[in-house]
Amino acid sequence: MKKKLAALLRNSIETCIGKEILSRGDILPVGVELPREGAHGDYASNIAMVLASTQKTNPRKIAGAIAGNIDDSEGILEKIEVAGPGFINFFIKKEAWISLLEEVDMQGDLYGESDAGRGKKVQVEFVSANPTGPLHIGHARGAVTGDVIASILSASGYEVSREYYINDAGTQMQILGKSVWYRYRELMGGGIEFPADCYQGDYIRDLAKKVQEQYGESLSQSDEKDAISILTGFAAGIIMEGIRDDLCAFGVIFDRYFSESELYRDDGVMRLLDELRGKGHVFEDAGALWFRTTAFGDEKDRVVVRENGEPTYFAADIAYHRNKYARGFDIVIDIWGADHHGYIPRMYAGIQALGKNKSALEIVLVQLVNLLRRGKPVAMSTRAGEFVTLREVLDEVGKDAARYNFLMRRSNSHLDFDLELAKEQSSDNPVYYVQYAHARIASIIRTAAERGHSVPRFSGIDAGLLGLPEELTLVKLIGQFPELIEGSAQSLEPHRITFYCNELASTFHGYYNKHRVVTEDEGLTKARLFLVAAVQTVLRNALRLLGVTAPEKM
RNA sequence: GCGCCCAUAGCUCAGCUGGAUAGAGCGUCGGACUACGAAUCCGAAGGUCGAAGGUUCGACUCCUUCUGGGCGUACCA
């Protein structure tokens with residue numbers, strides 16, 4: 001609908017230029033938006049006011065000319081008004097709205113999808129937590145945000161791949177191996193003191209027990225360095241397995257797990273350094289190799305190879321992004337915790353040095369979750385072993401409520417997660433409000449079936465019977481769903497979907513309480529049954545994008 | 001010190017890229033089931049959009065300064 005109106009406006013502007021009412025100026029994007037006030041029509045455009053400055057004419061005059069030259073050949077417009085300082089307000093014919101319902105009927109589960117991103121390969125990289133311990137609640141927000149962004153892009157026609165980058169080559173991994181080593185030796189007996197700089201969590205003891213099962217006592221005879229090396233890989237493998245299971249239970253499935261060590265195995269990091277050297281982006285200073293990121297707007301240059309000859313994490317990360325583009329991704333999206341924001345200019349410098357345009361990389365920051373228990377902050381540290389695992393939250397709150405909770409806020413806003421409240425609130429969590437609407441419609445359809453009515457096709461109803469204001473509001477909301485997904489994909493904002501779900505459910509509940517669907521009137525019953533079934537389809541499609549189940553009963 | 005993010009109803013948050021009279025949920029108060037599910041609905045109260053300037057036809061939205069909170073400022077990852 002939005003697109004149709006924008007096209008009408010563009011045509012009209014061309015006509016006006018042809019008639020020399022307007023002069024040809026800069027090509028401006030024609031904006032069409034939803035007015036807040038119902039009296040201002042179904043859609044409104046401010047194009048006349050935007051044009052006014054370059055045309056040096058009264059915006060109302062321009063608006064009048066554009067409105068007067070609109071060629072509504074499809075006959076979708078009830079009327080056009082010029083209002084206020086120069087808004088052009090569109091009032092859509094009821095029939096035009098209702099005809100959109102046919103698309104729901106035709107497309108079913110695919111309703112809402114578009115091909116806006118057709119032909120483009122996108123990779124969404126998220127979570128990417130080091131395998132040094134189980135995922136905790138702080139990772140959950142990033143996980144669900146990345147997952148849903150990927151789903152939305154996929155629904156918009158992009159070819160999407162979900163990827164998890166495993167940082168398994170750094171010093172943190174050495175600490176993990178060392179931690180397990182000491183716990184293992186404790187098991188072997190011998191009063192060894194457990195170092196303070198090691199991971200304190202109980203899961204390390206569990207890992208040590210697994211080591212014992214696997215290797216017996218044999219390892220304790222080995223050289224410490226060799227043993228730690230073996231244990232690092234062993235522990236990381238088990239932890240990654242647990243992470244995969246937890247994510248799976250959370251409804252997050254990755255297409256690929258990419259290991260940092262892969263980059264070293266195939267000399268990816270070395271090749272990257274050669275490329276940077278070849279392009280003159282690096283220099284040596286104080287025994288280290290530096291990448292001149294300041295040339296791309298960073299505040300200071302960054303080390304890529306340390307004095308001791310070891311490449312930095314940053315070097316590996318650029319190599320990783322180089323690898324992503326080499327795999328053919330047109331756009332790469334990184335979902336990061338907000339504590340990494342200082343890293344952004346560096347990363348952009350990296351991809352630009354590789355000859356990529358800045359637009360090939362999108363970084364979505366997810367603000368950290370502030371964990372509370374009865375209003376009091378809970379310290380979270382993997383090293384100290386103080387954290388609430390994702391698994392525990394899932395067990396207490398459930399997947400649907402947890403996911404919906406995270407999706408109700410803009411990823412850029414801070415979020416308090418109170419463990420006690422989460423549990424108490426789960427009974428009046430908004431997710432149930434939406435799911436209830438879906439289940440309620442399922443129930444209506446069951447009741448209708450008992451009385452001999454099946455859900456008709458669009459061609460089988462008299463659409464003219466859908467004349468109530470509440471019905472029209474529902475139809476409009478349904479009609480806006482495809483635009484919503486497109487906007488959500490463009491802005492990478494999943495929360496728009498949850499707000500839409502709430503609104504659609506709310507409108508439906510209001511309608512349900514005021515009017516009956518199944519009545520003695522055959523024709524009316526059919527029309528209304530079709531309408532609520534369409535609402536149900538949209539709710540189901542929206543919830544599927546969010547990774548939340550749409551129950552028939554609850 | 002410098003940089004990024006946040007500040008909107010008592011609380012938790014939206015506000016669609018600068019639009020018209022700033023909206024929801026929770027909470028509070030008052031109402032609605034002998035008909036399709038009351039996990040629902042209807043109504044009321046609740047605001048100097050952190051503060052002060054600026055940009056323009058028009059600002060919650062953009063710019064500057066300030067206040068308060070979070071995060072970051074490694075040859076860690």
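- Across Gln200(A) and Cys198(A), no two heavy atoms sit closer than the pair NE2-O, 2.9 Å.
- For Tyr203(A) (side chain) and Thr132(A) (main-chain N/O), a donor-acceptor pair under 3.5 Å exists by modelled atom type.
- Using C1' as the reference atom, G50(B) and G25(B) are 23 Å apart when rounded to the nearest Å.
- Using C1' as the reference atom, U28(B) and G53(B) are 39 Å apart when rounded to the nearest Å.
- As rounded to whole Å, 17 Å separates atom P of C36(B) from atom CG of Leu524(A).
- Residue Phe87(A) and nucleotide A20(B) are classified as a stacked aromatic pair, their ring centres being separated by less than 5.5 Å at an interplanar angle below 30°.
- For the OP1/OP2 pair of A38(B) and a distance below 4.0 Å, the side-chain nitrogens and oxygens of Arg440(A) include at least one atom meeting the criterion.
- OP1 or OP2 of C41(B) has at least one side-chain nitrogen or oxygen of Tyr433(A) nearer than 4.0 Å.
- The aromatic ring centroids of Phe406(A) and Phe417(A) lie less than 6.0 Å from each other.
- Separation of the C1' atoms belonging to C49(B) and G18(B) is 16 Å when rounded to the nearest angstrom.
- Contact annotation: Ser443(A) reaches the phosphate of G37(B) (side-chain N/O to OP1 or OP2, under 4.0 Å).
- For G15(B), one of the phosphate oxygens OP1 or OP2 lies less than 4.0 angstrom from a side-chain nitrogen or oxygen of Arg410(A).
- Nucleotide A35(B) holds its C1' atom 13 Å from the CD1 atom of Ile444(A), rounded to whole Å.
- Under 4.0 angstrom from either OP1 or OP2 of A39(B) there lies no side-chain N or O belonging to Tyr432(A).
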Exercise. Could you walk me through whether Gln367(A) and Arg409(A) pass the side-chain contact (heavy atoms from CB on, under 4.5 Å) test, one step at a time?
Key: CA-CA 10 Å; Gln367(A) 288 294 332; Arg409(A) 288 158 179 84; over 6 Å; no
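- Per the geometry, CG belonging to Asn46(A) stands 13 Å off P belonging to C16(B), to the nearest Å.
- Taking atom CZ on Arg346(A) and atom C1' on A77(B), their separation rounds to 11 Å, with Å as the unit.
- A salt bridge does not link Asp42(A) with Lys2(A): every distance from a Lys NZ or Arg NE/NH1/NH2 to an Asp or Glu carboxylate oxygen is 4.0 Å or more.
- Against the 90° criterion about 0, the sugar-base torsion of C66(B) places it in the anti range.
- Comparing U73(B), C41(B), A38(B) by their nearest atom to the side chain of His509(A) picks out C41(B).
- Helical stems of RNA chain B (runs of at least 3 Watson-Crick or G-U pairs, donor-acceptor distances under 3.5 Å) are listed by first residue: B:1-5 with B:69-73, B:10-13 with B:23-26, B:28-32 with B:40-44, B:50-54 with B:62-66.
- Minimum atom distance to the side chain of Glu307(A) is reached by C75(B), of the listed A77(B), C75(B), A39(B).
- A donor-acceptor pair shorter than 3.5 Å cannot be found between the side chains of Ser411(A) and Thr145(A).
- Between the Arg292(A) side chain and the Phe283(A) main chain, no donor and acceptor come within less than 3.5 Å of each other.
- Among the heavy atoms of the strands lying under 4.0 Å from Asn89(A) is at least one base atom, whether or not backbone atoms are also near.
- Here A7(B) presents its P atom at 14 Å from CG of Leu415(A), a figure rounded to the nearest Å.
- Distance noted for atom P between U48(B) and C41(B): 29 Å (whole Å).
- Checked against the 6.0 Å centroid threshold, Phe258(A) and Tyr164(A) do not count as a close aromatic pair.
- Here Ala286(A) lies in heavy-atom contact (under 4.0 Å) with a base.
- Of the candidate nucleotides A77(B), C36(B), A39(B), A77(B) has the atom lying nearest to any side-chain atom of Asn167(A).
- Taking atom CD of residue Glu362(A) and atom P of nucleotide U17(B), one finds them 17 Å apart after rounding to whole Å.
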Each nucleotide N or O in nucleotides 22-29 of chain B that has a protein N or O under 3.5 Å away: list the pair and distance.
none

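- As judged by a 4.0 angstrom heavy-atom cut-off over every strand, Met173(A) is placed among residues making no nucleic acid contact.
- Listed nucleotides: U17(B), C75(B), C16(B). Nearest to the side chain of Glu33(A): U17(B).
- In this structure, Arg451(A) places its CZ atom 11 Å from P of A35(B), rounding to the nearest Å.
- When the P atom is compared between C16(B) and A77(B), the two are found 40 Å apart, to the nearest whole Å.
- Separation of the P atoms belonging to U8(B) and G30(B) is 29 Å when rounded to the nearest angstrom.
- Along RNA chain B, the nucleotide nearest to Phe314(A) and the one nearest to Ser491(A) differ in position, and the one closer to the 5' end is contacted by Ser491(A).
- Residue contacts shown for His515(A) include a base, since a base heavy atom lies under 4.0 Å away.
- Within the 4.0 angstrom heavy-atom criterion, base atoms lie near Arg516(A).
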Quick one: which protein N/O atoms are closer than 3.5 Å to N/O atoms of nucleotides 69-71 of chain B? Pair and distance per line, please.
unit_1	atom_1	unit_2	atom_2	d
C71(B)	O2	His341(A)	NE2	2.9

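- Expressed to the nearest 0.5 Å, how far OG of Ser259(A) lies from CE of Met240(A) amounts to 9.0 Å.
- With distances taken from any side-chain atom of Glu299(A) to the nucleotides U73(B), C75(B), A20(B), the minimum falls on U73(B).
- Scored by the side chain to side chain contact (heavy atoms under 4.5 Å, CB included) test, Ser488(A) finds Ile152(A), Arg496(A), Ile497(A) as partners (sequence neighbours excluded).
- As judged by a 4.0 angstrom heavy-atom cut-off over every strand, Ala439(A) is placed among the base-contacting residues.
- Counting any heavy atom pair closer than 4.0 Å across all strands shown, Lys553(A) reaches a base atom.
- For U12(B), the O4'-C1' to base torsion is more than 90° from 0; the nucleotide is therefore anti.
- Applying the salt bridge (charged side-chain N to carboxylate O under 4.0 Å, His left out) rule to pairs touching residues 499-514 of chain A yields Glu470(A)-Lys514(A), sequence neighbours excluded.
- Residues forming a salt bridge (Lys or Arg N to Asp or Glu O under 4.0 Å) with Arg322(A) (at least two apart in sequence, or on another chain): Glu275(A).
- With respect to the salt-bridge test (charged N to carboxylate O, under 4.0 angstrom), the residues Lys476(A) and Glu471(A) do not qualify.
- When distances run from any side-chain atom of Arg496(A) to the nucleotides C16(B), A77(B), C41(B), the shortest one goes to C16(B).
- If you take OH of Tyr512(A) and P of C36(B), they are 6 Å apart, rounded to a whole angstrom.
- A distance of about 24 Å separates the C1' atoms of G3(B) and A52(B), rounded to the whole Å.
- Classification of the Tyr512(A)-Phe508(A) ring pair by plane angle, with boundaries at 30° and 60°, yields tilted.
- Of the possible polar contacts, one joining the Tyr500(A) side chain to the Leu477(A) backbone as a donor-acceptor pair under 3.5 Å is found.
- Taking atom P on both G19(B) and C62(B), the two are 11 Å apart, rounded to the nearest angstrom.
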